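Step one of this worksheet: look at the structure below.
One is the number of the first residue; the rest follow in order along the sequence. Because the structure is a prediction, the values reported are computed rather than measured.
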Amino acid sequence: MAQVEIRVYRQGPHSPERELVETVISAVESEKRLTAGRARRILDRTLPVFARSFGTIMTRTDEGWESSRTVELSEKCSYHYNWEYAVVVDPTAL
């Protein structure tokens with residue numbers, strides 16, 4: 001069975017670099033090309049915290065397909081948020 005890798009990064013408003021928080025390997029049903037729809041379904045099934053009621057928005061990046069969400073307010077400011085990014089890595093692009 002084919003697998004995809006999901007990398008979860010965290011970045012705050014005062015840190016320019018993303019920090020790798022977690023790497024998850026998820027089994028997929030086929031070895032088809034990874035599209036935005038397939039990446040969204042894999043992400044929603046594997047990491048449901050990224051699922052939204054209006055749908056998960058996926059953006060194409062150099063690594064694969066990316067989605068983001070706000071996690072918490074920044075400790076230094078009441079209107080800046082820390083973000084988490086989930087990147088579904090395309091196994092055929094590796």
message = Under the criterion side chain to side chain contact (heavy atoms under 4.5 Å, CB included), I'd like the reasoning laid out for I6 against L43: C-alpha separation, chi angles, the key distance, then a yes or no.
response = CA-CA 8 Å; I6 301 172; L43 187 61; 4.1 Å; yes
query = What's the spacing between T46 OG1 and I25 CD1 if we round to 0.5 Å?
reply = 10.5 Å
request  = Please identify each residue that fulfils side-chain hydrogen bond (donor to acceptor under 3.5 Å, both in side chains) with Y9, with sequence neighbours left out.
outcome  = E63
key: From L20 atom CG to R7 atom CZ, the distance as rounded to the nearest 0.5 Å   = 7.5 Å
message = Are L34 and W65 packed together at the side-chain level, in the sense that at least one heavy-atom pair is separated by less than 4.5 angstrom?
response = yes
request  = Give, for atom OG of S68 and atom CH2 of W83, the distance between the pair rounded to the nearest 0.5 Å.
outcome  = 5.0 Å
key: Over all atoms of both residues, closest heavy-atom pair of Q3 and V28   = N-CG2, 4.1 Å
task = Using the test side-chain contact (heavy atoms from CB on, under 4.5 Å), find all partners of R10 that sit at least two apart in sequence or belong to another chain.
result = V21, V71, E72, E84
note = Value for OG1 (T59) from OH (Y85), rounded to nearest 0.5 Å, stands at 10.0 Å
key: Interatomic spacing from OG in S26 to CD in E5 - rounded to 0.5 Å   = 11.5 Å
request  = For residues 11-27, pull every pair meeting salt bridge (charged side-chain N to carboxylate O under 4.0 Å, His left out), keeping only residues two or more places apart or in separate chains.
outcome  = R18-E66
inquiry  = For a quick test of reading the model, state the closest non-hydrogen atom pair linking A2 to E31 and the distance between them.
reply    = CB-CG, 3.3 Å
